[in-house]
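Right, one structure below, let's go through it.
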Amino acid sequence: MKFTDELRQKADPIYEAIFGHPFVRGIAGGSLSGEQLAHYVRQDFQYLTVFCQVYGLAISKSTRREDIEFFNEQIRFILDSENHPHRNFAAVSGHSMKELEQAATLTPTARNYTRHMLYAAHSGTLGELLCALYPCPLTYWEIGLRLKEEVRPDDSHPFREWIEFYADPVVGDICREFASRIDRLAADAGAAERARMEDHYLTSCRMEYMFWSMAYDLEGWPV
Ligand SMILES: Cc1ncc(CN)c(N)n1
């Protein structure tokens with residue numbers, strides 16, 4: 001079995017919890033409050049900024065031109081395309097993107113998740129770094145596919161754009177590009193490095209679940 005298939009299998013209970021998370025159910029049912037949507041976009045805008053920074057670190061660890069090109073394209077994808085789902089949530093929330101893009105204090109969970117990715121990137125190999133990033137596209141691709149199948153959103157669905165964005169085959173292609181790189185790097189890695197790759201991957205899956213909770217519960221700092 002491929003390394004990435006093993007990872008997906010081990011993380012299956014976390015994926016199932018994500019699919020049943022009240023925020024994800026709220027996307028399906030169109031039942032999220034403006035506050036929850038705005039809180040998500042404020043935090044996610046900053047999360048994706050850090051994601052671009054980590055791609056920069058991935059480039060600095062890459063020796064193959066194809067890898068440098070892929071990471072470079074992914075930075076452009078975040079900057080040029082991934083603002084569409086944010087705009088969808090912002091419009092439904094009644095806030096402008098200008099407002100939601102203002103620097104805001106990272107919540108405990110957003111801080112924890114972004115620091116986890118930065119730690120994996122600074123301390124680890126390219127394989128470790130990619131395993132910390134991979135749940136980001138993969139969980140959203142699977143959420144997109146499931147919601148598209150379940151909801152079959154039409155023009156009247158408030159989150160049609162969000163669901164169709166993440167169910168698009170382009171996102172599936174990105175996931176396959178990640179998987180082929182991770183499998184190649186895992187094949188060359190020793191047991192200790194593979195264990196760190198798995199740990200980073202599972203931690204990011206758990207952080208994905210917690211990011212949805214952060215938005216749903218309007219998480220902030222207690223003091
Ligand atoms: C927290 C999080 N995870 C994943 C995605 C999808 N790239 C996102 N926008 N934000």
Side-chain angles (χ1 to χ4, degrees), residues 7-8 11 14-15 17-19 21-24 26-27 32 36-56 58 70-71 73-90 92-93 97 100-101 104 106-121 129-148 159 161-179 182 200-219:
L7 292 180
R8 177 63 185 81
I14 311 174
Y15 277 73
I18 289 172
F19 302 142
H21 191 284
F23 198 105
V24 174
I27 299 172
L32 294 161
Q36 288 169 320
L37 292 164
H39 196 57
Y40 170 89
V41 176
R42 266 199 196 95
Q43 294 296 314
D44 203 51
F45 184 79
Q46 298 193 61
Y47 166 87
L48 289 180
T49 300
V50 174
F51 214 88
C52 289
Q53 293 168 346
V54 177
Y55 275 135
F70 173 67
F71 299 133
E73 279 165 9
Q74 292 320 300
I75 292 174
R76 285 257 57 96
F77 178 79
I78 290 177
L79 298 175
D80 298 341
S81 304
E82 221 169 340
N83 45 13
H84 293 110
H86 278 176
R87 281 208 206 103
N88 180 190
F89 278 3
V92 178
S93 80
M97 271 312 293
L100 300 180
E101 285 172 10
L106 282 175
T107 59
T109 295
R111 187 176 166 88
N112 194 0
Y113 193 1
T114 52
R115 297 317 100 153
H116 159 65
M117 294 191 301
L118 287 165
Y119 171 77
L129 178 159
L130 290 180
C131 280
L133 298 189
Y134 186 34
C136 168
L138 188 59
T139 58
Y140 275 49
W141 159 242
E142 292 198 23
I143 290 168
L145 288 182
R146 286 209 178 197
L147 294 188
K148 192 168 177 195
F159 304 126
E161 201 184 338
W162 192 97
I163 293 169
E164 289 188 342
F165 181 87
Y166 286 111
D168 194 281
V170 168
V171 181
D173 290 342
I174 294 170
C175 293
R176 278 184 284 279
E177 293 285 345
F178 261 90
I182 291 170
H200 289 329
Y201 176 88
L202 292 175
T203 300
S204 289
C205 291
R206 295 187 178 105
M207 295 306 315
E208 282 294 331
Y209 180 90
M210 290 174 68
F211 202 92
W212 291 119
S213 296
M214 174 278 297
Y216 193 81
D217 300 334
L218 305 177
E219 179 195 276

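Numbering of ligands and ligand atoms starts at 1, following listing order. In this text the structure is predicted, and so the values were computed from the model without any measurement.
Using cut-offs of 30° and 60° on the angle between ring planes, the pair Y47 and Y113 is tilted. Relative orientation of the H86 and F45 rings is tilted, given thresholds of 30° and 60° on the angle between their planes.
For the pair Y113 and ligand 1, the shortest N or O to N or O distance does not fall below 3.5 Å.
In summary, the atoms of ligand 1 found under 4.0 Å from a heavy atom of C136, numbered by their order in the structure, are 3 (N), 4 (C), 5 (C), 6 (C), 7 (N). Which parts of ligand 1 touch L48 is read off a 4.0 Å heavy-atom cut-off, strictly below it: atoms 9 (N).
Residue F51 places no heavy atom under 4.0 Å from ligand 1. E82 counts as a contact of ligand 1, since one of its heavy atoms falls under 4.0 Å from the ligand.
F89 has its ring centre less than 6.0 Å from the ring centre of F159.
Summary of contacts: the protein heavy atom closest to atom 10 (N) of ligand 1 is D44 OD1, 2.6 Å. In terms of protein heavy atoms, atom 3 (N) of ligand 1 is closest to E208 OE2, 2.8 Å.
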Set out, in order, the CA-CA distance, both residues' side-chain angles and the distance that settles ring pair (Phe, Tyr, Trp, His ring centres under 6.0 Å) for Y166 and W141, then state yes or no.
CA-CA 5 Å; Y166 286 111; W141 159 242; 10.0 Å; no
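Interatomic distance, L106 CG to R115 CZ, rounded to the nearest 0.5 Å: 6.0 Å.
The residues R87 and E82 are annotated as not salt-bridged, no charged nitrogen and carboxylate oxygen being separated by less than 4.0 angstrom.
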